[in-house]
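These notes are about the structure you will find just below.
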Amino acid sequence: MSSVHWLFGDQLGPHFTATSGGRTPRSVRWLLIESLAVLRRRRFHRAKAHLVLSAMRHRAADLGEHVQYVKAETYREGLAQAVGDAPVSVHHPTSRAALALVTSLPQVTVHPARGFLIGHQEFAEWAARQSGRRLLQENLYQHTRRTHDILMEGDGPAGGRWNLDHDNREPPPRGRTTLGAPHPYRPREDEIDQEVRQDLDRWERDEGITFVGRDGPRLFPASRREALAALDHFITHRLADFGVYEDAMLAGDPFMSHSLLSSSLNLGLLDPWECVSRAEEAWRAGLVPLNSAEGFIRQVCGWREYVWNLYWHLGEDYRHRNELRHTARVPAWFAELDAETVGARCLSTVLGQVRDTGWTHHIPRLMVLGSYALQQGWHPAEVTDWFHRSFVDGYDWVMLPNVVGMSQYADGGLMTTKPYTSAGAYIHRMSDLCGGCQYRPTDRTGERACPYTVGYWTFLDRHRERLADNPRMAQAVKGLSRLGNVAQVARAHRDAGDTPP
């Protein structure tokens, strides 16, 4: 008699169906459940809904006669429809809500998580060895490099340094509107995508389900074959130029040299080890510079592993952290991705990228979208939910630490040593987004006052007591005393309210 194993919609790669020997057992019946209630609960970006459903249905097509694909209102109903009360196994889900569901069902056996390099037990043991010190990403990154022999030369890091981030902070080339990198991999839609789009249209028409954003031709892989092709294309054509400009932004080049592999990793179509090993192989073969290979590897086996494990380690209460006591609502223009109403060119451009693709790279997320939300004092839970719904690679485990901790500083510094926000000067230095804007990055007052410059100094003034003792913020807070118009700046910020900048 065959056993049944349930695959969630972000467990779609072969490493979720393989035995310890790497083979896919023929005695297992695989179960995929498509729940309409998931789309009713949250107003997702339509491109994200399309991608997830397309990926699930592509995986079912790959598994063929060995899969049962169930469409139901809820997961519970789908499970009952598929197997009744027969036993089912599942790998540890990626969200607390999904884990609570499967552990509440006596028929379900939960196996350890897959799709990550560091397991929960290993992380707990590493955290215990920190002896009460802050759980720094850099320390976990070095641990992961050592234990998995990644970019190592003997007992030390390749090139003599663990982290080459200092080499990867260059502004975009002056006078260029694009980086000039080869275009990223583009999948071709098929009949499965057509079927998904028809279903989404029908649900909007008949079920009252609504989405944000636009669902153009699919930009991200929805199958294992496409994901491997995207990885190969990135390593071969784009990784070499990734490092030095990974923090730069250009209005006409939203993808720069970034991999665009985050959605494939988070759907489980790619395993992090194969991404890391391919990048290291390219460096050892002399095909890419070390700073590019290390920068990409740090994103995958450094930050991604750190965020995944902190999500579970910090507990459910972390979701409700709001140390800065920000309570403002996310305004409708932002929630609806209404880029045309925004006058600030940087924010309008990035919001438009999210509307059109469901994606931007990490610097627009942090220093344009997240920074603006922090300066405006929006509630971190609402900001987290917005990022979760609006990005194709957004999941609860991804966005909770990234937004509450990294972006909104709502944990008071558990993850980062300072709030990540800046005046318009940073955006001006790292992009071409200030060119042609109606605002000037240096202006704090007047009709051309930059919303980010006004917002930055207002944020510092609002939280000066808390930030004055922060070694990385103390100098900026002292700068408030040299600004004779702080009250005027703060008043202009308050008067703007929810008006698009």
Side-chain angles (χ1 to χ4, degrees), residues 94-97 116 118 120 123-124 126-127 130 132-144 163 165 247 262 265-266 298-328 330 360-391 393-422 426 455-456 459-460 462-463 466-467 469-473 476:
T94 62
S95 75
R96 289 185 174 276
F116 298 90
I118 302 295
H120 294 155
F123 182 84
W126 171 82
Q130 306 311 298
R133 294 175 296 170
R134 293 178 66 245
L135 303 180
L136 297 177
Q137 182 268 345
E138 182 65 24
N139 293 342
L140 181 66
Y141 174 51
Q142 294 181 21
H143 166 83
T144 308
N163 187 321
D165 188 47
D247 284 2
S262 54
L265 279 162
N266 295 350
R298 181 161 23 92
Q299 287 186 339
V300 178
C301 81
W303 191 254
R304 186 172 185 269
E305 296 292 323
Y306 180 63
V307 165
W308 160 252
N309 279 288
L310 280 187
Y311 174 80
W312 297 101
H313 182 78
L314 294 174
E316 178 63 13
D317 287 346
Y318 189 80
R319 183 182 308 278
H320 308 293
R321 296 294 293 266
N322 189 2
E323 295 299 313
L324 298 181
R325 298 180 182 177
H326 285 177
T327 58
V330 172
T360 64
H361 72 78
H362 64 285
I363 294 301
R365 297 190 198 202
L366 182 64
M367 300 307 296
V368 177
L369 300 171
S371 177
Y372 189 80
L374 179 62
Q375 292 175 1
Q376 298 301 308
W378 296 346
H379 198 294
E382 285 198 29
V383 180
T384 302
D385 180 67
W386 181 86
F387 272 95
H388 180 164
R389 294 182 295 103
S390 300
F391 282 82
D393 55 9
Y395 293 84
D396 196 49
W397 72 267
V398 176
M399 292 307 181
L400 190 60
N402 266 305
V403 178
V404 170
M406 180 72 174
S407 171
Q408 299 304 295
Y409 202 67
D411 64 4
L414 281 177
M415 278 186 67
T416 65
T417 55
K418 57 166 282 187
Y420 276 87
T421 188
S422 72
Y426 173 87
Y456 175 72
F459 172 80
L460 291 184
R462 191 164 68 241
H463 298 294
R466 170 185 287 275
L467 299 176
D469 294 330
N470 184 313
R472 297 188 65 189
M473 297 298 295

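Since this is a predicted model, take the numbers as computed values, not measurements. The first residue of the sequence shown is numbered 1, and numbering continues consecutively from there. Both backbone and side-chain heavy atoms feed into the values below; hydrogens, waters and symmetry mates do not.
- The salt bridge (Lys or Arg N to Asp or Glu O under 4.0 Å) pairs that include a residue from residues 407-419 number zero, where partners must be two or more places apart or lie in different chains.
- No side-chain heavy atom of Arg319 sits under 4.5 Å from any side-chain heavy atom of Val404.
- A donor-acceptor distance shorter than 3.5 angstrom exists from the side chain of Asn470 to the backbone of Thr417, with no hydrogens or angles considered.
- Between Trp308 and His120, the ring planes lie parallel to each other; the angle is under 30°, not in the 30° to 60° tilted range.
- Using a 4.5 Å heavy-atom threshold, the side chains of Phe391 and Trp386 count as touching.
- Asn402 places none of its side-chain heavy atoms less than 4.5 Å from the side chain of Phe387.
- We find that Arg304 and Asp393 are not joined by a salt bridge, their nearest charged nitrogen and carboxylate oxygen being 4.0 Å or further apart.
- Once rounded to the nearest 0.5 Å, the distance linking OG1 of Thr360 with CG of Leu369 reads 5.5 Å.
- Using a 30° and 60° split on the angle between ring planes, Tyr372 and Trp378 fall in the perpendicular class, above 60°.
- Ser407 places none of its side-chain heavy atoms less than 4.5 Å from the side chain of Arg365.
- Smallest separation of non-hydrogen atoms from Phe459 and Leu467: CE2-CD1, 3.8 Å.
- Scored by the ring-ring contact (aromatic ring centres under 6.0 Å, His included) test, Phe123 finds Trp126, His313 as partners (sequence neighbours excluded).
- Under the 3.5 Å distance criterion, the side-chain polar atoms of Arg466 are left unmatched by any main-chain donor or acceptor of His463.
- Side-chain N or O atoms of Tyr141 include none that pairs as donor or acceptor with a backbone N or O of Glu305 at under 3.5 Å.
- A side-chain donor from one of His362 and Asp247 sits under 3.5 Å from a side-chain acceptor of the other.
- Contact annotation: the side chain of Pro401 never approaches that of Leu314 to less than 4.5 Å [non-hydrogen atoms, C-beta and beyond].
- Rounding to the nearest 0.5 Å gives a distance of 8.5 Å between CG of Asn163 and CD of Gln142.
- Here the straight-line distance linking atom OG of Ser371 with atom CD1 of Ile363 works out to 11.0 Å at 0.5 Å rounding.
- Thr94 contributes atom OG1, which lies 7.0 Å from atom CH2 of Trp312 (distance to the nearest 0.5 angstrom).
- Side-chain contact between Thr384 and Gln408 is absent, with no heavy-atom pair separated by less than 4.5 Å.
- Looking only at distances, a side-chain donor or acceptor of Glu382 sits under 3.5 Å from a matching main-chain atom of Val330.
- Not a single donor-acceptor pair under 3.5 Å links the side chain of Arg321 to the backbone N or O of Pro380.
- Closest approach of His143 and Ile118 over heavy atoms only: CD2-CD1, 4.2 Å.
- Nearest heavy atoms, Asn139 versus Gln130: ND2-OE1, 4.0 Å.
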Full working for side chain to side chain contact (heavy atoms under 4.5 Å, CB included) between Gln375 and Tyr456: CA-CA 6 Å; Gln375 292 175 1; Tyr456 175 72; 3.8 Å; yes
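- Under a 3.5 Å cut-off, the side chain of Glu138 and the backbone N or O of Gly302 do not form any donor-acceptor pair.
- Contact record, Gln376 with Arg462: C-NH2, 4.4 Å, taken as the closest heavy-atom pair.
- Taking all atoms of both residues into account, the shortest heavy-atom contact from Tyr409 to Thr416 is CD1-OG1, 3.6 Å.
- Inter-residue side-chain proximity for Ser95 and Tyr311 is flagged as met; some heavy-atom pair is nearer than 4.5 Å.
- Here the closest heavy-atom approach between residue Leu460 and residue Met473 is recorded as CD2-CE, 3.5 Å.
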